Amino acid sequence: MRRRPRLPDGPRRPTAGREGFGRATPIANTMMGGDKVIGLDVGRAAVRAVWMTLRAGQPAILRVESLALPFDAADIAEAVAPWAEKVGLKSAPWAVALPAAQAMFQPVALPEQDPRTPAQAAEIEVVRYNEMVSDTMVYGFAPIEWDPAERRFLLAMARPLVLDGILGLVNRLGGKVADVIPSPVALFAALALAPAAAAPDEAPVIYANVGATGTDVAVGGRGSLLFARSFGVGGRQFTDAIARREKGSASRAEQTKVSRATLVAAPADRAPAPGGLQLARLTAGEEDGSGAEFAEDLRGVADRWVGELQACLSIYRSVYGAAMPAPSRLVMAGGGARLRGFREHAAAKLGMAVDPGVTLSVEGAGERADEFALAAGLALAGLGRAPVALSVLPPHVQDELRLRRQKGQWTIAAGLAAAVLGVSLLGGYRDFKSKEAILRGTNDSLRRRQDLAAEIERSKARSAVLQEMAAPLRSLLRSSGVLRDLILVLGEIRNEADCITRICDAETYFSAGKSTAAPAAAVPLRVSDSAPVAVPPDARPFSRLVIEGYTRDPSFDRVKELIRRLKEEPYVASADLLNDDEAVQAAGWRANPPPGARVFVIDVKLGEP
Amino acid sequence: MKIGRIESRASERVQVLAIVAGAAVVLALLWFFLLIPQNLRRRNLETQIRNAEAQLAQKDYLQGEEVLGARRSEETEQYSRLRDEWKETVSRLVSLAPAEEGGVGGRIDFKVALFDVRNRLMRKAREVGVILPGNLGIDESVTSSEDARELMFRLRTVERLVDAFLDARTGYLREIQPLPARRYSLAGGKEPFLEEFPVRIEFYGTIENLFVLLDAVHQSGRTFVMRQAAIESLARGGSANMLRVTMVMSAFVPLKDPESIPVPGPAPARRTGPMGA
């Protein structure tokens, strides 16, 4: 009986990662920042890829592709690369599986009084294990929430070398890794949320993915993965059994297995099914007994498979004991599970109901078999929609992916910062330019004013030079006619009784008066050298005149009249009788007056012409 | 197998860092090569403006361009007026033209000129009946310390003065004595701008003779400035109106045109700034 469970669309489950019970963000969904993830299931017999995205928050399968690998393929990457190019596998990041056979799963229970956080407990467990294996295991853990009163988590560990191999394959194929998920986790993600395969609340369910070389086992319920395991019996063992029976090649046996082999014996040999077991309906091949010649051999392999599964369940019971109910049914998925009669045989042997896996609804391509369940579970986990988020992505890759996710934000932030700074720079530059223009205008104005000031200063200096040069000339010119004018005045007022005996500049008068020589010879030479001299403050030839004479008027009225008349002249500053002491100095060259006459000496000081 | 691809993708971290670092470097470069020079230019301009304002304010020139322009016009007009006055004064006062009278020639020229002047003035003196000293007060010999140019100017000064004397027909020119030249220079300056050639004369004559002489030496082109004077009446010595006059008369020669005298102007305004200004 095939059921058509829908893809899980339940609430987004938190991931534990390494932080705790988590409320960390699913890796793929955050690391890549994209809306499409490819779940890539690389098996020994086939490679299956599921393109998944979110439609209105619900996961949707866009496309599925598979590649059957050569039976004896030595280099998977070499075999897959052309197909990967062909189907456009590089169009989205990949969520790849860590095979359960290469991982270690350990349920851990924390006592109620244990103060450690799950992350601390997981780290301690890993450190302890690292000491045993002398390696540094990469690990992840997921909470077990079956019973809210208990603190349990499932720890998954893997050797770095194994992860390097997986990531190396991704790199060789040119893909971008979104996440590395242990295959039981992906299996549980694909099957547990499908209504047809979901576990009832009262008991967990066994989810088995029968691969080519082994089987991944996950036990879970109530949204928690309780137990994970794998064993090395898979579809390849059935093929080998057919090959032995046919005495043919493995590839031919594989074709026989796929086309007509069955575990169901011929109708004559068919024993009645145990009561109460829910058997799948026989196919056409089973009805006519074709392929029944392999049933005996296949049942032997199936019994071994069942035995391995029971061993796993035994471990499960030893781990949980009475704390956890026994699984109530088995969900079988994977290519190996499609062997006719296998599920029914398993159901009979295990004494529990066996359900087939899910069929996947692909957009625009109808339904696909449950052989894509693991790839779909990987894609779900990659989108962060898995019920259990348990990643074993190495920390440095997580950092890289985180950086890659944040690269855009960094770029935008850097761009914004650069834009802000650029705008600030531009604004500052423009502001500077504007201020500079104003300052240049002011500076130019000041320079023009400096030029004007310099011109004014030069004009002033030239004027000062001219004034300095013109002053003595003007003084000389104006004063040169003074003596003539004075003689004219004296001529106007002279009379017969009085006499002017000498008119002389004061310097000559007093210099000559000191000498006893003849007056003519006593006139000194003031200008006595030819060396350049600075213009004297007063360049006038003389500023003082002495008028000597005698009068017969004992009252000196005429002399007074003479002085008054001299004072009226504009160039005369003062006129009066010479001081007696000065008059005595010049007495030596004074002529004797006639009898009855009295000598007078008038001192005339000239003003500014 | 190492996960080479992932390792190589670690370069994305480097890429991000490189982008951030590159952006920082670009911004730093912009800052360094764009804003800092701009800021320096602005500061230099501000400094120049402050200095210029201080210079202008110091001499009360921190005024508008229109005001300063008006002041410049006033000063220019004042200078033009003074220059005109100077030219007029010089034209009235100066009786000897530098180029014509003493600007050329050597000792030979002086001696030839002296001979010509003596002959001419003696001939003129005889014609007007005036007695002159035989050598006009100028020795024919020229010593090594004497300058031919100055001797020539002395000669011309004497020639003009005696001419004026003869025109006044004064009776007896007892003595003529050219005195050493005197040069005028600006305060603090070394180059003289005016040269004075004084001549001392002593003569006997009437007051009328004196007036005629004074009028003669005040004519344009033959202006002499009276430096010293001693006029003595000889009334008791014989002639009632006879005077003995001793005077020092000076002729002037301009040596410099005011335009050619360098003016100590203000210190040139600083027009250059640091690089980038």
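So you know, we letter chains A, B, ... as the sequences are listed, proteins then strands, and number each from 1. Everything quoted here is computed from the prediction, not taken from an experiment.
Going from atom CG of B:L34 over to atom OH of A:Y429 covers 5.0 Å, rounded to the nearest 0.5 Å. To the nearest 0.5 Å, the span separating CG on A:D451 from CZ on A:R458 amounts to 8.0 Å.
More than 12 heavy-atom neighbours from other residues, nucleotides or ligands sit within 6.0 angstrom of CZ on B:R81.
Residue contact with chain B, scored on non-hydrogen atoms closer than 4.5 Å, involves the backbone and the side chain of A:K460 alike. For chain A, the nearby part of B:L194 is the side chain; its heavy atoms alone come within less than 4.5 Å. Both the backbone and the side chain of B:R83 come within less than 4.5 Å of a heavy atom in chain A. Residue A:L545: no heavy atom, backbone or side chain, is found under 4.5 Å from chain B. With a 4.5 angstrom heavy-atom cutoff, B:L210 touches chain A only via side-chain atoms. Only the side chain of B:L56 comes within contact range of chain A, with heavy atoms under 4.5 Å apart.
In this structure, a donor-acceptor pair under 3.5 Å is present between the side chains of B:Y61 and A:E457. The closest side-chain donor-acceptor pair between A:R449 and B:Q63, if any, does not fall under 3.5 angstrom.
The choice from B:L62, B:V90, B:T223, B:D215 that makes the most heavy-atom pairs within less than 4.5 Å of chain A is B:D215. Listed options A:R462, A:Q467, A:K433, A:E436 were ranked by heavy-atom pairs under 4.5 angstrom with chain B; first place goes to A:R462. Ranked by heavy-atom pairs under 4.5 Å with chain B, the first of A:T442, A:L488, A:L421, A:I503 is A:I503. Options B:L30, B:L214, B:L243 differ in how many heavy-atom pairs under 4.5 Å they form with chain A, and the most are formed by B:L214.
At a threshold of 4.0 Å, the pair B:R227-B:E196 counts as salt-bridged, since one of the basic side-chain nitrogens sits closer than that to a carboxylate oxygen.
When side chains are defined from C-beta on, B:Q228 does not count as touching B:T246, because their heavy atoms never get closer than 4.5 Å.
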